[in-house]
Protein chains: 4
Amino acid sequence: MTEAETKPARRSIGATRNPASQEAILQAAEAVLLENGLSGFSIEAVARRARAGKPTIYRWWPSQAALLLDVYHCRKKVDFNFPDKGNVRDDLRAYLKGLLATWQGTSGAIFRCVVAKAQGEPEAFAALSAYMAERRLQSRRLVEKAQERGEVRADVRPELVTEMLSSFAWGRLLTERLDISDEEVDAVIDTVLAGIVPRPAG
Amino acid sequence: MTEAETKPARRSIGATRNPASQEAILQAAEAVLLENGLSGFSIEAVARRARAGKPTIYRWWPSQAALLLDVYHCRKKVDFNFPDKGNVRDDLRAYLKGLLATWQGTSGAIFRCVVAKAQGEPEAFAALSAYMAERRLQSRRLVEKAQERGEVRADVRPELVTEMLSSFAWGRLLTERLDISDEEVDAVIDTVLAGIVPRPAG
Amino acid sequence: MTEAETKPARRSIGATRNPASQEAILQAAEAVLLENGLSGFSIEAVARRARAGKPTIYRWWPSQAALLLDVYHCRKKVDFNFPDKGNVRDDLRAYLKGLLATWQGTSGAIFRCVVAKAQGEPEAFAALSAYMAERRLQSRRLVEKAQERGEVRADVRPELVTEMLSSFAWGRLLTERLDISDEEVDAVIDTVLAGIVPRPAG
Amino acid sequence: MTEAETKPARRSIGATRNPASQEAILQAAEAVLLENGLSGFSIEAVARRARAGKPTIYRWWPSQAALLLDVYHCRKKVDFNFPDKGNVRDDLRAYLKGLLATWQGTSGAIFRCVVAKAQGEPEAFAALSAYMAERRLQSRRLVEKAQERGEVRADVRPELVTEMLSSFAWGRLLTERLDISDEEVDAVIDTVLAGIVPRPAG
DNA sequence: TACTAAGCGAGACGGTACGTCCCGTCTTGTC
DNA sequence: GACAAGACGGGACGTACCGTCTCGCTTAGTA
């Protein structure tokens with residue numbers, strides 16, 4: 001940004017997308033969002049900050065929501081590695097704690113905005129839905145592997161398990177109560193776990 | 001609404017709030033929200049529909065969010081009765097199914113908007129927080145009573161139990177996946193239940 | 001303008017047009033037009049200069065052209081008094097010289113823009129047409145009175161006479177050759193006059 | 001045009017101007033102007049229609065106005081032949097009727113735009129001025145020849161005579177009143193003529 | 001009974017942002 | 001080095017709402 005604001009200004013690099021502009025816009029979008037919040041987030045503000053023309057933004061992102069989601073994707077790119085610690089308890093705990101930890105920073109502020117936007121704009125909703133569907137596919141593997149290992153009963157629906165955890169994290173994110181003790185996390189994990197482990201023989 | 005649109009227009013009834021205006025505005029707000037969605041919800045649109053002046057709205061509701069929340073409160077007034085069926089399983093099932101069922105109608109659409117607004121506007125967030133705190137107080141009783149009956153272990157945090165269920169419902173509401181089978185509801189309830197019932201002696 | 005730029009800012013004076021805004025906008029429009037020319041004349045520039053919102057301008061003037069024409073009308077309000085000097089020659093001379101003189105100032109610059117706009121925008125054209133039609137009605141009286149006095153033949157079409165003079169002035173305005181000697185004016189007047197006075201008996 | 005729109009696209013013919021592009025651009029410019037009017041006339045629209053790159057247009061025409069004037073020149077190339085019918089009356093009548101007739105077609109629409117553009121852009125004005133100066137030189141010959149034949153008084157300024165006629169035509173063009181009867185044309189011609197023929201001895 | 005004070009509808013006000021179109025400049029790869 | 005293509009920063013377009021204001025009215029409560 002600082003560069004963007006002081007440097008002589010980017011130009012076209014021919015009939016092809018200018019990555020410098022793209023990056024400047026994403027950075028500006030993130031900065032505007034974090035400084036002014038969702039209600040202060042506008043394409044105009046981003047364009048001003050990025051020293052970019054509005055049409056340049058609309059050329060590559062069809063809507064505010066698309067830009068928002070792109071910011072989220074780019075920023076959290078490395079965040080989510082679905083852990084494989086060898087046992088369910090540790091895997092699920094890492095999954096939930098990872099979610100909560102990630103959202104405590106910048107990513108959380110952005111994702112809240114994405115979820116909020118999705119409640120009013122169909123295209124934002126579609127984008128979020130697609131993202132969530134993909135996430136569900138990834139996270140269900142976590143439980144499936146536990147089932148293969150015999151740690152989790154076969155009649156358990158894998159998605160439901162991770163959904164219970166991620167929903168819990170969503171709830172905390174959207175009500176700004178992410179700051180949660182390890183004991184509480186363990187309590188949640190243990191509760192879920194008790195319901196999905198194989199039943200004792202008796 | 002139809003009345004509001006055709007009738008000659010209300011006037012002041014003196015130096016006191018006109019309940020007819022208040023009601024017309026709430027009705028118009030609900031109608032606008034349901035017809036046009038959150039993105040089409042504006043004070044101007046409500047004023048137009050209610051045949052009310054904008055200052056009349058701003059006089060009684062400090063912000064869009066306040067109006068929204070008021071609509072939600074007025075509409076769901078009778079909805080939530082915390083059940084007392086004598087055993088935890090039925091109580092929790094009724095609690096979760098009640099939430100999901102309520103939100104499948106008008107209330108859900110409105111509540112989604114409230115949650116969304118809260119992500120961008122501090123006053124909306126405060127209003128939602130206050131509401132949620134109250135809800136948590138009410139719903140924890142449900143678990144506490146079960147603990148008194150010995151159905152639930154004493155070391156279980158009551159709020160955490162209902163939060164897991166209500167978070168699950170939030171997640172479904174915000175991703176438009178409220179249409180859920182009884183089997184899934186049971187799976188969720190059973191999972192949670194397994195984690196909170198007294199442990200077998202062995 | 002100077003006032004408008006420094007004063008604390010106008011507000012609404014209720015559900016009625018604010019004449020101060022109207023005046024500020026007209027003044028700003030004239031100033032912008034004279035300083036930046038037609039190509040630099042934009043509603044945005046006028047709004048900025050008048051410290052007015054764009055919607056306020058669009059509320060009262062449907063188009064750039066309407067605003068332009070209004071500026072012209074307001075500014076030249078007192079200019080055109082059709083003379084009645086008792087004889088045709090002096091009347092026509094006063095008519096033509098008045099046109100040329102008026103247009104040598106601000107009014108001319110504005111009217112050129114109005115004519116130019118009219119060549120591209122139907123609504124501007126309509127506005128100009130209406131104005132010209134009214135002008136023709138007024139100016140034909142000049143010749144009709146001369147006909148009543150017997151100074152001009154009855155078979156002469158009154159409009160055609162004044163049109164020849166006003167067209168001449170248009171031509172000079174649009175090619176920036178308004179600076180014309182009295183001899184040339186007299187030559188034009190005498191030429192026209194020779195063609196419309198009663199024919200000698202022989 | 002049709003060709004331009006369907007053909008696969010011209011390419012460079014090496015380090016030299018491609019006449020096919022030039023012609024395609026002029027044709028496209030004329031078509032755009034006639035179909036969409038001056039307000040719809042843009043370099044982008046012309047480039048789209050001609051399947052040409054914008055830089056190609058800017059390379060050869062410095063401005064919209066230059067392109068416009070070039071279109072006018074190319075199209076009316078053959079139109080104006082100054083008649084020599086042997087007597088002033090017929091010559092002047094042919095001159096005026098020629099002007100009116102020419103402008104009733106495509107040329108008129110284009111010339112209106114040129115005049116309009118000239119009111120806002122100095123370069124367009126310069127181009128129009130140069131063109132008009134040349135026209136005046138040509139048309140004054142018409143009157144000078146009549147003076148040589150003794151049909152017109154020697155003290156008459158030749159330019160003024162043709163200017164009165166051409167101004168009249170300009171006025172009609174710019175107010176879309178070119179559809180004029182022969183009687184009116186004759187009235188104008190006779191009026192001018194009466195003022196310039198030799199005075200009767202008495 | 002008259003006066004006052006507040007609520008009412010209406011809608012204009014200065015603004016901000018929207019999403020689109022065009023400007024004139026640029027760079028790329030092809031011919 | 002000219003060409004088609006098209007991205008770039010920029011600016012104006014005309015519209016929708018924002019939240020504030022003033023108007024003229026109506027009426028309840030006070031004096």
Q: Taking only heavy atoms on the protein side, list every residue of residues 54-64 of chain C lying under 4.0 Å from any atom of DNA chain F, sorted numerically.
A: Lys54(C), Pro55(C), Tyr58(C), Gln64(C)
Q. What heavy-atom pair brings Ala28(C) and Val46(C) nearest, and what distance separates the two atoms?
A. CB-O, 3.8 Å
Q.
Can you measure Asn18(A) atom CG to dT28(E) atom P for me and round it to whole angstrom units?
A. 11 Å
Q: Report the distance from atom CZ of Arg10(B) to atom P of dG24(F), rounded to the nearest whole Å.
A: 22 Å
Q) Are any side-chain N or O atoms of Gln119(B) and backbone N or O atoms of Leu174(A), one a donor and one an acceptor, separated by less than 3.5 Å? A) yes
Q) Nearest-Å distance, CD (Glu44(C)) to P (dA17(E))? A) 13 Å
Q: For Ala15(A) and for Ile13(C), find the nucleotide of DNA chain F with the closest heavy atom, then tell me which residue's nucleotide is more 5'.
A: Ala15(A)
Q. Just to confirm, is there a sub-4.0 Å distance from OP1 or OP2 of dG7(E) to any side-chain nitrogen or oxygen of Ser21(B)?
A. no
Q. Taking N and O atoms by type only, does the side chain of Ser42(C) place a donor or acceptor under 3.5 Å from a partner on the base of dA12(F)?
A. no
Q | Shortest non-hydrogen contact from Leu128(C) toward Leu69(C) | A | N-CD2, 4.2 Å
Q: Using the closest heavy atom to pick a nucleotide of DNA chain E for each, name whichever of Pro19(B) or Ala45(A) lands nearer the 5' end.
A: Pro19(B)
(Q) How many whole angstroms separate atom CD1 of Ile25(D) from atom C1' of dA4(F)? (A) 11 Å
Q.
Closer than 4.0 angstrom, basic N to acidic O: yes or no for Glu35(A) and Arg49(A)?
A. yes
Q: Quickly work out the Ile43(C) CD1 to dT15(F) C1' distance and round it to whole Å.
A: 13 Å
Q) Mind checking what makes side chain to side chain contact (heavy atoms under 4.5 Å, CB included) contact with Ala45(C), not counting sequence neighbours? A) Val32(C), Ser42(C), Arg48(C)
Q) Please give, in whole Å, the distance from dC18(E) P to Phe41(A) CZ? A) 9 Å
Q. Taking only N and O in the side chain of Arg51(D), is any of them less than 4.0 Å away from OP1 or OP2 of dA5(F)?
A. yes
Q | Terminal helix-axis angle for the helix from dT1(E)-dA31(F) to dC31(E)-dG1(F), with five pairs defining each axis and rounding to 10 degrees | A | 10°
Q) Please give, in whole Å, the distance from dT28(E) P to Arg17(A) CZ? A) 18 Å
Q. When the distance from NZ of Lys117(B) to C1' of dC18(F) is rounded to whole Å, what number comes out?
A. 11 Å
Q) Can a side chain N or O of Arg48(B) be found less than 4.0 Å away from OP1 or OP2 on dG9(E)? A) no
